[in-house]
Amino acid sequence: MAAKRVEISGAGFAGLTAAAAFAQRGWSVRVHERAPTLRTAGAGIFVFENGLRVLRAIDAYEDAVCGAHIAPARETRDSAGRLLARHPGGPSQRVVTVVRQQLLESVAAAARRAGAEICMSSEVVDATPEGRIRLADGQSAIADLVIAADGVHSQIRDRLELLRSRVKLGDGAIRVLLPRRHDDTDSQQEIVEHWSGKRRLLYVPCGHDWLYLALTTLNDDHEGKRLPLDAGAWARTFPHLRRLIERIGQEGRWDEFEMIRLYRWSHGRVAVVGDAAHAQAPNLGQGGGCAMMSALGLAVALEQEIDIPQALQAWEARERPLIEHTQRVSRLYSRVGRLPECLRSLTFSIAGRSAWMVRQRMRAANHHPTGAR
Ligand SMILES: Cc1cc2nc3c(=O)[nH]c(=O)nc-3n(C[C@H](O)[C@H](O)[C@H](O)COP(=O)(O)OP(=O)(O)OC[C@H]3O[C@@H](n4cnc5c(N)ncnc54)[C@H](O)[C@@H]3O)c2cc1C
């Protein structure tokens, strides 16, 4: 019997995880990426246990975590540097921080090893519920399954009218990757979320060589989101971090946070995965983790099922509740960030001590994804 065929639009974390997982299950896989090279926007990335389990399942773990940082703890601090909450890591509660490009390339390598074909400069402009895709160069192809993993601006999703809501959350981040210096400005091994006013500076060691900083603020903070970074303005907000902020220089990019919800995650033979289906504010560091979980879960759902639309419904019913829970908690976190400083500090310190609240926040991180060993 001929192998089933899947055409995937987008070579981000979702598309490449799906590519690896389907190819490992004997499918013939082709990924279309409109960019000329594999690249990922942003700087570093958090991968929690759920993401690590997916990476193991698709045989990308060793490459992905090679040289990565495992933080002893994550801390939240107020404008005076006082500790509000501390979440220690542990052998089964790791948070690994890694340069994004390394993570992306490790997943791509796993997909290629399993036999997936990745076509660069190949843009998918349309997909039909019958499984036909059309490319920008005029070619078309028919497949048993089409996966729209084309990110938050997904054209396929919008053309199939699956979008239920797309909410701009009113905040965003400037992200930078700095060469790590082994002096007092970046000797700290913990991940630290520094809050002051409406601004937050996330300090993230990212392996031996890199330090990842994410500076988040509200979208109407024109001074705070200016690029190149207004180091003076940020140093006034975080005087104790001045030396670190002054190193940023010309680096950085601004991204606004969005939340996506769909009426349903599939239409006929087209499945929508990753940010295209469920983008979320990055407060829990789970957008990529959820993208990888839903992509692996999709391959598992289709492993033995003959009726593809029915399998897609079963996949959505299984994966969607946890991902929507994660979106909700992440959005709530953004709202807490906007509270006046004293109220926010109080909320963080209560939330850090409440076992129930920690469980809600960590539910995705502690999850055993479908298909993980
Ligand atoms: C500030 C910030 C910090 C974050 N931090 C974390 C974190 O620490 N941990 C975490 O897990 N997540 C994090 N996330 C979320 C994470 O980056 C995303 O959830 C993840 O990248 C989504 O992957 P994706 O593959 O769905 O989409 P994308 O990464 O957007 O990939 C989509 C791909 O599709 C391609 N494409 C688009 N249209 C087409 C087309 N028509 N044809 C062909 N190709 C196309 C694009 O070029 C792109 O390569 C963060 C997000 C932000 C904004």
Side-chain angles (χ1 to χ4, degrees), residues 7-19 30-52 54-55 64 74 95-101 103-104 107-108 118-127 133-137 146-159 169 171-176 191 193 200 202 204 206 212-217 225 252-260 272-295 323 326-327 330 334 364-365:
E7 299 275 351
I8 301 175
S9 175
F13 297 119
L16 292 172
T17 302
R30 189 161 63 154
V31 185
H32 301 272
E33 170 54 53
R34 72 173 169 197
T37 53
L38 268 187
R39 61 178 168 76
T40 171
I45 189 161
F46 291 62
V47 191
F48 288 84
E49 287 294 343
N50 58 325
L52 297 173
V54 174
L55 292 170
R74 284 171 294 126
V95 48
V96 168
T97 48
V98 62
V99 172
R100 268 179 183 253
Q101 193 65 24
L103 181 62
L104 191 75
V107 180
I118 304 174
C119 309
M120 306 309 300
S121 303
S122 182
E123 182 177 354
V124 179
V125 290
D126 198 12
I133 57 161
R134 199 161 50 83
L135 304 178
D137 66 6
V146 173
I147 299 179
D150 45 355
V152 71
H153 308 294
S154 172
Q155 293 183 50
I156 296 180
R157 170 201 68 206
D158 290 351
R159 285 186 183 224
L169 296 169
D171 47 1
I174 294 172
R175 286 175 284 175
V176 287
I191 292 164
E193 197 173 275
R200 165 175 53 173
L202 189 63
V204 189
C206 218
Y212 161 41
L213 301 180
L215 296 87
T216 74
T217 188
K225 68 180 210 187
R253 56 169 278 154
W254 166 261
D255 288 288
E256 204 179 329
F257 304 157
E258 294 193 55
M259 192 166 113
I260 298 278
V272 188
V273 298
D275 274 9
H278 44 71
Q280 56 185 271
N283 298 309
L284 306 190
Q286 275 295 342
C290 288
M292 295 193 292
M293 286 199 298
S294 71
I323 290 180
T326 313
Q327 287 181 299
S330 184
S334 280

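Just follow the structure's listing: the first ligand is 1, and inside any ligand the first atom is 1. Residues: numbered from 1 along the sequence shown. Remember, predicted model here, so these are calculated numbers, not experimental data.
Atoms of ligand 1 found under 4.0 Å from any heavy atom of F257, numbered from 1 in the order shown, are 1 (C). Atoms of ligand 1 lying under 4.0 Å from at least one heavy atom of P282, given by number and element, are 1 (C), 2 (C), 3 (C), 4 (C), 5 (N), 50 (C), 51 (C), 52 (C). Ligand-side atoms of ligand 1 in range of S9: 40 (C), 42 (N), 43 (C), range being under 4.0 angstrom from any heavy atom. Below 4.0 Å from some heavy atom of Q155 lie the following atoms of ligand 1, by number and element: 41 (N). Close approach of ligand 1 to G274 is summarised as follows: ligand atoms under 4.0 Å from at least one heavy atom of the residue are 26 (O). Set against the non-hydrogen atoms of G288, the atoms of ligand 1 under 4.0 Å away are 10 (C), 11 (O), 12 (N), 15 (C), 16 (C), 18 (C), 19 (O).
Atom CD of E33 is separated from atom CG of L16 by 8.0 Å, given to the nearest 0.5 angstrom. Rounding to the nearest 0.5 angstrom, the gap separating the CZ atom in F13 from the SG atom in C290 is 13.5 Å. To the nearest 0.5 angstrom, S122 atom OG is 8.5 Å from E7 atom CD. To the nearest 0.5 Å, atom CG of residue D137 and atom NE2 of residue H32 are 9.5 Å apart. Distance CD/Q327 to CD1/I260: 9.0 Å, rounded to 0.5 Å.
At the shortest separation from atom 27 (O) of ligand 1 among protein heavy atoms lies G151 CA, 3.8 Å. In this structure, atom 8 (O) of ligand 1 lies nearest to the protein heavy atom F46 N, 2.8 Å. The protein non-hydrogen atom at the shortest distance from atom 2 (C) of ligand 1 is R175 NH1, 3.3 Å. Protein heavy atom at the shortest distance from atom 19 (O) of ligand 1 is D275 OD1, 2.7 Å. Of all protein heavy atoms, the one closest to atom 29 (O) of ligand 1 is G12 CA, 4.1 Å. The closest protein non-hydrogen atom to atom 34 (O) of ligand 1 is G10 CA, 3.2 Å. The nearest protein atom to atom 41 (N) of ligand 1, hydrogens excluded, is given as V124 O, 2.8 Å; this is a heavy-atom distance. In this structure, atom 32 (C) of ligand 1 lies nearest to the protein heavy atom A149 O, 3.5 Å.
Side-chain atoms of R200 and E193, non-hydrogen and from C-beta on, do get closer than 4.5 Å to each other. Within the 4.5 Å cutoff, the side chain of L103 has heavy atoms near those of the L55 side chain. The side-chain heavy atoms of I191 and Y212, taken from C-beta on, include no pair separated by under 4.5 Å.
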What do the steps show when you test L135 against V124 for side chain to side chain contact (heavy atoms under 4.5 Å, CB included), and what is the final call?
-> CA-CA 4 Å; L135 304 178; V124 179; 3.8 Å; yes

Could you please spell out the steps behind the side chain to side chain contact (heavy atoms under 4.5 Å, CB included) verdict for L202 and T216?
-> CA-CA 8 Å; L202 189 63; T216 74; 6.0 Å; no

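At a heavy-atom distance under 4.0 Å, only backbone atoms of S122 (N, CA, C or O) approach ligand 1. Residue contacts with ligand 1, taken as heavy atom pairs separated by less than 4.0 Å, involve H32 solely via the backbone atoms N, CA, C and O.
For a threshold of 3.5 Å applied to N or O pairs, the pair formed by G285 and ligand 1 contains at least one separation below that value. Considering backbone and side-chain N/O of R39, none are found under 3.5 Å from N/O of ligand 1. Considering backbone and side-chain N/O of G289, one or more are found under 3.5 Å from N/O of ligand 1. Geometrically, ligand 1 and V273 share no nitrogen or oxygen pair separated by less than 3.5 Å. The shortest N or O to N or O distance between R100 and ligand 1 is below 3.5 Å.
A148 is linked by a side chain to side chain contact (heavy atoms under 4.5 Å, CB included) to D150, S154, I156, V272, counting only residues two or more places apart in sequence or in another chain. Take H278 and apply the ring pair (Phe, Tyr, Trp, His ring centres under 6.0 Å) test, not counting sequence neighbours, and it matches W265.
Between the side chains of S334 and N283, at least one donor N or O sits under 3.5 Å from an acceptor N or O.
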